[in-house]
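One structure below.
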Amino acid sequence: MTTAALLTLLGLVDASFSGFRAYAGRDARIRKHRATARAALRGLAVGAALLLAPALTAAVLLLTASDRARTFDTLVAGASDTCSHSPSTPPS
């Protein structure tokens, strides 16, 4: 799997969990499967919409670049650097 696909998957899963978490404490009923599923889907939809911005930016950059291979390598290197560092470790 490519780095971009992994980051997208991570973002979508995080958005789905965020939607679930936003709803989880609001209802004291025991059986609330449908409501929590709806909340998770709502979070997933919002997350997918928000992930469109960087995806469209990367697509526009790649489509308008004179050297597409170099631009792609730069985008991949930036994503790899983002994924390889933990928040407590400064980039080298």
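Only heavy atoms go into these numbers, but all of them, side chains included; no hydrogens, no water, no symmetry mates.
- Annotation: the span from L44 atom CG to D14 atom CG amounts to 11.0 Å, rounded to 0.5 Å.
- The NZ atom of K32 sits 6.0 Å away from atom OH of Y23, with the distance rounded to the nearest 0.5 Å.
- Under a hydrophobic clustering in which Ile, Leu, Val, Met, Phe, Trp and Tyr are joined whenever their side-chain heavy atoms come within less than 4.5 Å, directly or via other members, L9 and F17 fall into the same cluster.
- A pairwise comparison of heavy atoms in A15 and G43 identifies CB-O, 3.3 Å as the closest pair.
- Between L50 and P54, the shortest heavy-atom distance links the atoms O-CD, 3.4 Å.
- Between the CG atom in L61 and the CG atom in L56 there is a gap of 11.0 Å [rounded to 0.5 Å].
- When atom types are taken as modelled, the side chain of S16 and the backbone of L12 share no donor-acceptor pair closer than 3.5 angstrom.
- The two residues A58 and L75 have their closest heavy-atom pair at CB-CD1, 4.1 Å.
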